[in-house]
Amino acid sequence: MKELEKIVNKIVDENLIDIVLSNSREKEKEQKIKMRPVQKGTTQLFQVETFVGKQVFHQNLQGEEAKQVLQEKLELYRQMQARTTSAFYNVIISKKGKVTVKTRKEENKKIDASHNRQKNYIINEGDSVPFLQDLGVMTKEGKIHKEKYSKFKQINRFLEFIRDVLPHLDKNKKLRIIDFGCGKSYLTFAMYYYLKEQLGYEVDMTGLDLKVDVIQHCNQLAQKYGYQDLTFMIGDIKDYEGVNEVDMVVTLHACDTATDYALAKAIQWNAKVILSVPCCQHELNGQMKSELMKPVFKYGLIKERMAALYTDALRAMYLENKGYQVQILEFIDMEHTPKNILIRGVKGKSEQKNQKEIEQLESFLHVDPTIKKLLK
């Protein structure tokens, strides 16, 4: 299409900042494409990122190659948005090929052509955050300690999950939040700081753990920072009865069936949001039997990993059965920790009728999980 060719040439040649192709016509092949200029030594290139499922493919192309790729790919997409140093372009392509272009002038903006741009985090390096300093993640000047950078990324990734569920939480009321198995409370403090200090939400937050010295230290830090609505308590997930209803339940690395107790409590309290990162799923590994899977289960490591995945799948299915919309998400990269699955449940309008599927899976594996017993 000549019109699209002219637009692409104009935008790429006009001090491009970035381009995004979205609303794919063939989503099973690819969902989105991003392009931006990068500088490698003295060479000006264009980095093209193609998003296919959960994978991202990168290409660094010369100017004419980049234009050609964009022109070819535009036929697969319904929308292109582009920013240059002087304008913003929104291009819509209809089913019949009609092209609509809307342009808005922008003030002079700078191009970041570094090959590896610094990621914009919710808590950025350079911010002075007292709890991160006391927890050994950050210096007083806001610089992240090299050996703690994976923890810094983990904290920000977790806050992104919190940001995603904000539409399901009522900002006009005081939010009741329980964090089971809070440990040293990196993420508990981060959650409070983000919701209360950065966003202005009213919260009543409790961290629960069995370690007396850890809880005492966390309470001292909360008092030091003036976090009046954040308290830490010594207690077991199984026995905690401090509330009747909550807005959000967080359980990070609660060991083995402790995760099941936390999920059951969250359901009992009608929690609007559940965020759970399970840990050490041993229960089903000792129960699973299957003639069909026997040749696979004879490999201990394979069986152990499959048991962990089946455990979390059943947890997700039980949450769905109780009316939650559930996603299984990657928490952080595998290089940082093997405990990288996050179960996110958001309360829906009605229960999901998947009881038969649950029973069939449990029968196939010959298992009787704790979550089933607790929810009965």
Side-chain angles (χ1 to χ4, degrees), residues 1-93 97 99 101-122 124-126 143-144 146 149-150 152-154 156-157 160 329-336 340:
M1 292 185 281
K2 288 290 183 183
E3 189 175 359
L4 286 176
E5 185 178 338
K6 288 180 182 178
I7 294 169
V8 167
N9 287 334
K10 175 179 172 59
I11 291 172
V12 174
D13 292 337
E14 193 183 281
N15 291 327
L16 177 70
I17 294 176
D18 57 26
I19 290 176
V20 178
L21 305 187
S22 60
N23 205 351
S24 173
R25 301 179 194 277
E26 298 182 4
K27 290 184 179 179
E28 68 281 359
K29 292 184 179 179
E30 57 189 52
Q31 292 80 44
K32 183 168 60 176
I33 291 177
K34 292 182 179 181
M35 190 179 90
R36 69 180 183 92
V38 295
Q39 193 76 29
K40 294 196 73 175
T42 58
T43 307
Q44 170 74 65
L45 298 172
F46 291 88
Q47 185 183 81
V48 179
E49 296 178 293
T50 305
F51 294 76
V52 181
K54 293 184 177 180
Q55 295 180 299
V56 184
F57 300 93
H58 294 85
Q59 292 176 285
N60 287 331
L61 305 175
Q62 303 260 351
E64 293 305 315
E65 293 177 299
K67 290 177 186 177
Q68 186 177 348
V69 167
L70 277 177
Q71 289 161 15
E72 292 172 356
K73 292 291 187 180
L74 263 171
E75 297 181 10
L76 299 177
Y77 290 85
R78 297 183 177 89
Q79 185 171 21
M80 176 176 74
Q81 292 184 326
R83 293 184 301 159
T84 70
T85 54
S86 58
F88 173 82
Y89 296 87
N90 188 30
V91 182
I92 306 293
I93 305 125
V99 179
V101 182
K102 293 184 178 180
T103 309
R104 182 179 71 239
K105 287 187 178 182
E106 301 273 358
E107 294 181 6
N108 287 333
K109 294 187 175 181
K110 293 182 180 180
I111 301 172
D112 183 356
S114 57
H115 191 251
N116 293 309
R117 290 190 290 187
Q118 183 179 347
K119 180 176 173 61
N120 287 322
Y121 291 114
I122 290 175
N124 286 299
E125 186 167 5
K143 184 175 177 60
I144 306 304
K146 187 176 180 180
Y149 208 84
S150 61
F152 176 69
K153 289 176 66 177
Q154 181 195 47
N156 274 287
R157 181 64 179 133
E160 289 172 3
L329 303 165
E330 188 175 59
F331 185 20
I332 53 176
D333 295 337
M334 283 293 287
E335 65 185 279
H336 298 128
N340 74 323

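Checked against Arg83 for a side-chain contact (heavy atoms from CB on, under 4.5 Å), the options Val20, Asp18, Ile19 give a single hit: Asp18.
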Self-check item: Step-by-step side chain to side chain contact (heavy atoms under 4.5 Å, CB included) determination, Glu30 to Lys73
Solution: CA-CA 10 Å; Glu30 57 189 52; Lys73 292 291 187 180; 3.1 Å; yes
Exercise. Run the numbers on Leu70 and Leu21 for side chain to side chain contact (heavy atoms under 4.5 Å, CB included), then give the verdict.
Key: CA-CA 9 Å; Leu70 277 177; Leu21 305 187; 4.0 Å; yes
Quiz item: For Val91 and Gln81, what are the C-alpha separation, side-chain angles and deciding distance, and is it a side chain to side chain contact (heavy atoms under 4.5 Å, CB included)?
Solution: CA-CA 6 Å; Val91 182; Gln81 292 184 326; over 6 Å; no
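Residues meeting the side chain to side chain donor-acceptor pair (under 3.5 Å) test with Asn9, sequence neighbours left out: none. In terms of the side chain to side chain donor-acceptor pair (under 3.5 Å) criterion, residue partners of Gln79 (sequence neighbours excluded) are, by chain and number, Asn90. For Glu72, there are no salt bridge (charged side-chain N to carboxylate O under 4.0 Å, His left out) partners two or more places apart in sequence or in a different chain. Shown here are the salt bridge (charged side-chain N to carboxylate O under 4.0 Å, His left out) partners of Lys67, two or more places apart in sequence or in another chain: Asp13, Glu64. Under the ring pair (Phe, Tyr, Trp, His ring centres under 6.0 Å) criterion, Phe152 pairs with Tyr121, Tyr149, sequence neighbours left out. Taking the side-chain contact (heavy atoms from CB on, under 4.5 Å) definition, one finds that Lys146 meets it with nothing, sequence neighbours left out.
Of all heavy-atom pairs spanning Ile122 and Asn156, the tightest one is N-OD1, 3.0 Å. Heavy atoms only, all atoms of each residue included: Thr84 and Tyr89 are closest at CG2-CE1, 4.0 Å. Shown here for Ala66 and Phe46, the closest heavy-atom pair between the two residues is CB-CB, 3.8 Å. In plain terms, the two heavy atoms of Asn60 and Val38 that are nearest each other are OD1-CG2, 4.1 Å. Taking each heavy atom of Glu330 and Arg157 in turn, the nearest pair found is O-NH2, 3.8 Å.
The CG atom of Leu61 sits 9.5 Å away from atom CD of Gln68, with the distance rounded to the nearest 0.5 Å. Distance check: Glu26 CD to Tyr77 OH gives 9.0 Å after rounding to the nearest 0.5 Å. Interatomic distance, Glu65 CD to Leu45 CG, rounded to the nearest 0.5 Å: 9.0 Å. Separating the CD atom in Glu49 from the CZ atom in Arg36 is a distance of 7.0 Å, to the nearest 0.5 Å. Distance check, rounded to the nearest 0.5 Å: CG of Leu329 to CD of Glu160 gives 11.5 Å.
When side chains are defined from C-beta on, Met35 counts as touching Leu16, because their heavy atoms get closer than 4.5 Å. Asn23 is not listed as a side-chain neighbour of Ile92, based on a closest heavy-atom distance of 4.5 Å or more.
Remark: the backbone N or O of Ile144 is paired with a side-chain donor or acceptor of Glu125 at under 3.5 angstrom. The closest donor-acceptor contact from the side chain of Arg78 to the backbone of Ser24 lies under 3.5 Å.
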